[in-house]
Amino acid sequence: MAFVLPRSLQQQGLAGQVRTNSTAPSAVHPVRQASKQVCVPAVSSPAAANGPQPSGRAASVVPKAVAMTPESKTLGRRSSKYEIFTLTTWLLREEQKGNVDGELATVIASIALACKQISSLVNRAGISNLTGLDGGENFSGEDQKKLDVVSNEVFANCLRSSGRTGVIASEEEEVPIAVEESYSGNYIVVFDPLDGSSNIDAGISVGSIWGVYEPSEECPIDAIDDPDKMMEQCVLNVCQPGKDLKCSGYCLYSSSTTIVLTVGHGVWGFTLDPAIGEFVLTHRDVKIPEKGKIYSFNEGNYNLWNDDLRAYMEHVKDPAAHNGKPYSARYIGSLVGDFHRTLLYGGIYGYPGDKKNPNGKLRLLYECAPMSFLAEQAGGKGTTGKRPCLEIMPEKVHQREPLFIGSKHEVELLEHFVAGKRM
Ligand code: AFP
């Protein structure tokens, strides 16, 4: 877990209690050295904050192949076949509608910039000696890949530089980091910078996942004098239920790099156009199919599952129960890739608890809750099998929960079995 503390806390002496950016081991680590690029999105407008154009290419000389979108009409301007609708344009429109404020737009723009950098690093991993293990472990005892470490730094740098983030929590770190910033904001960002990284060395899809919260109103961190209490409060501020999310999203690094996000008004997808370095709208107001005959579980754990889950699994594979055509199995082992397919094609993704790990493997704050917010905004569902993920009040930053997510009908069918019922 990494924290960027609001300046008010740093001034009150909390910075001395926690690892600061300047003392981080990155100064001597070759991989970390490589990632020392600091992201500085301009904070005055989302348009500027979405990153620089590659030199020599102005936004106006967009290749002909880029299609004009229906959104251009809603902007009230004369449409042109060269007009494109980018993430920046979308953020401006959402700001005009009152769905995001300028600060949140800046946070999202800085996340998009981090995703561009990570996309470039992932693409070049094999030729830049960024595959393989970093040599360290994260606090959970999991081996860290080089790209886990680098992506964490890229994400944290971009959020710090946005000047709009007060607290950040990452899958990769447990020790809080106080950063000497001249200004900081209030938004709380939780993220998994590179989910599915065990797939990296084989060139298989990976992704980043994030969620953005406002500080909890019941515990204003500025009002506390005791540094220990302040630290506790930072953790509490991060630990909010998913229903309080202001934004969540993921970036898929695959055959293309695609950001899919929600600010509570539907789900929108933007694909990185490498020719212009911009995320271009490609998925408008995504709705997950109501039904879908694809299941995505690690069935290797079958013998560790309980009877209800095994009965469900037998049901979806039973030709007699489905007019001769059972469900298809698809499993990448990368939540972002598996969820993206489920969102577009329909079906269900599941990571259940089992005899060894009663709460499964996935983390509530930066995996289950952000993905469930997306699923619900797209008309689907995300549950533990017993209750909606968005309703769970976290007790720990790195808490694990079972996750079943996808088409409404498919998740409800699973819940039916988990409740001990049968067809
Ligand atoms: P890694 O980041 O260690 O590859 O874990 C990925 C993940 O958290 C999620 O993206 C996958 O869906 C899930 O774990 C795969 O876990 P199994 O390997 O146990 O199926």
Side-chain angles (χ1 to χ4, degrees), residues 1 118 121-122 125 130-152 154-155 169-174 190-211 248-254 258 260 294-305 309 313 329-343 347-372 374-375 382-385 389 397-406 414:
M1 160 178 62
I118 295 171
L121 290 162
V122 167
L130 280 174
T131 53
L133 297 176
D134 173 63
E137 287 182 348
N138 67 13
F139 64 93
S140 303
E142 297 161 346
D143 287 333
Q144 281 181 308
K145 296 267 183 186
K146 289 178 191 170
L147 269 174
D148 282 328
V149 177
V150 174
S151 305
N152 191 48
V154 168
F155 232 93
S170 159
E171 191 203 22
E172 295 304 327
E173 295 192 62
E174 187 180 25
V190 292
F191 62 90
D192 184 347
L194 200 63
D195 190 68
S197 57
S198 53
N199 287 308
I200 277 283
D201 295 0
I204 293 168
S205 310
V206 289
S208 304
I209 307 171
W210 67 86
S248 79
Y250 60 81
C251 185
L252 174 70
Y253 310 108
S254 185
T258 303
V260 175
I294 300 176
Y295 71 96
S296 188
F297 288 64
N298 182 348
E299 239 181 310
N301 294 325
Y302 182 91
N303 288 324
L304 297 171
W305 294 343
L309 198 59
M313 202 48 68
R330 296 283 185 277
Y331 190 73
I332 304 169
S334 184
L335 174 61
V336 174
D338 282 315
F339 180 75
H340 191 64
R341 183 199 54 248
T342 306
L343 181 69
I348 183 168
Y349 169 91
Y351 207 107
D354 59 39
K355 281 182 198 150
K356 254 174 51 192
N357 302 301
N359 288 324
K361 176 180 181 188
L362 304 184
R363 312 294 182 145
L364 175 61
L365 267 183
Y366 39 81
E367 291 181 306
C368 306
M371 291 307 210
S372 296
L374 285 164
T383 78
T384 63
C389 288
V397 176
H398 300 288
Q399 178 172 333
R400 297 178 200 267
E401 288 293 338
L403 176 67
F404 301 100
I405 193 164
L414 178 288

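Here the structure is a predicted model, which is why all the values come from computation and not from measurement. Remember, it's 1-based here, ligands and their atoms both numbered in the order they're listed. If you read the sequence from its start, that first residue is 1, and numbering goes on from there.
In terms of protein heavy-atom proximity, atom 10 (O) of ligand 1 is closest to Asp195 OD2, 2.5 Å. For atom 19 (O) of ligand 1, the nearest non-hydrogen atom of the protein is Tyr351 OH, 2.6 Å. The closest protein non-hydrogen atom to atom 14 (O) of ligand 1 is Lys361 NZ, 2.9 Å. Remark: minimum distance from atom 11 (C) of ligand 1 to any protein heavy atom is reached at Gly333 O, 3.4 Å. For atom 2 (O) of ligand 1, the nearest protein heavy atom (residue, atom name, distance) is Gly196 N, 2.9 Å. Among protein heavy atoms, atom 15 (C) of ligand 1 sits closest to Tyr331 OH, 3.3 Å.
Residue contacts with ligand 1, taken as heavy atom pairs separated by less than 4.0 Å, involve Tyr349 solely via side-chain atoms from C-beta onward. Only the backbone of Ser334 comes within 4.0 Å of ligand 1, counting heavy atoms alone; no side-chain atom from C-beta on gets that close. No part of Ile332 comes within 4.0 Å of ligand 1, judged by heavy-atom distances. The backbone and the side chain of Leu335 each have at least one atom closer than 4.0 Å to an atom of ligand 1 (non-hydrogen atoms only).
Residue-ligand proximity, Glu367 to ligand 1, at heavy-atom distances under 4.0 Å covers atoms 8 (O). Using a 4.0 Å cut-off to heavy atoms of Ser197, the atoms of ligand 1 that qualify are 1 (P), 2 (O), 4 (O). Those atoms of ligand 1 that come under 4.0 Å of a heavy atom in Ser198, given as number and element, are 1 (P), 4 (O). Of all the atoms in ligand 1, the ones that sit under 4.0 Å from a non-hydrogen atom of Asn298 are 17 (P), 19 (O), 20 (O).
Results of the side-chain contact (heavy atoms from CB on, under 4.5 Å) test with Ile348 over Thr342, Ile405, Ile294, Leu414 single out Leu414 as the only residue that passes.
Atom CG of Asp195 and atom CG of Leu252 lie 11.0 Å apart (nearest 0.5 Å). Here the CD-CD distance, from Glu401 to Glu367, works out to 12.0 Å after rounding to the nearest 0.5 Å. Note: Ser197 OG to Asp192 CG = 8.0 Å, rounded to the nearest 0.5 Å. Atoms CG and OH, from Leu362 and Tyr351 in turn, are 7.0 Å apart once rounded to the nearest 0.5 Å.
Ligand 1 lies out of reach of Arg363, whose nearest heavy atom is not under 4.0 Å from it. Under the 4.0 angstrom criterion for non-hydrogen atoms, Leu362 is in contact with ligand 1.
Nearest heavy atoms, Ser296 versus Tyr331: OG-CD1, 3.6 Å. Pairing each heavy atom of Gly333 with each of Asn199, the nearest pair is O-ND2, 3.3 Å.
Between Val149 and Lys146, the closest side-chain pair of non-hydrogen atoms is not below 4.5 Å. By the 4.5 Å heavy-atom criterion applied to side chains, Leu374 and Phe339 are counted as neighbours.
Under the 30°/60° scheme for interplanar angles, the aromatic rings of His398 and Tyr366 are found to stand perpendicular. Phe155 and Phe191 have parallel rings, their planes meeting at less than 30° on a 0 to 90° scale where 60° marks the start of perpendicular.
Considering backbone and side-chain atoms together, Asp338 places no N or O closer than 3.5 Å to any N or O of ligand 1.
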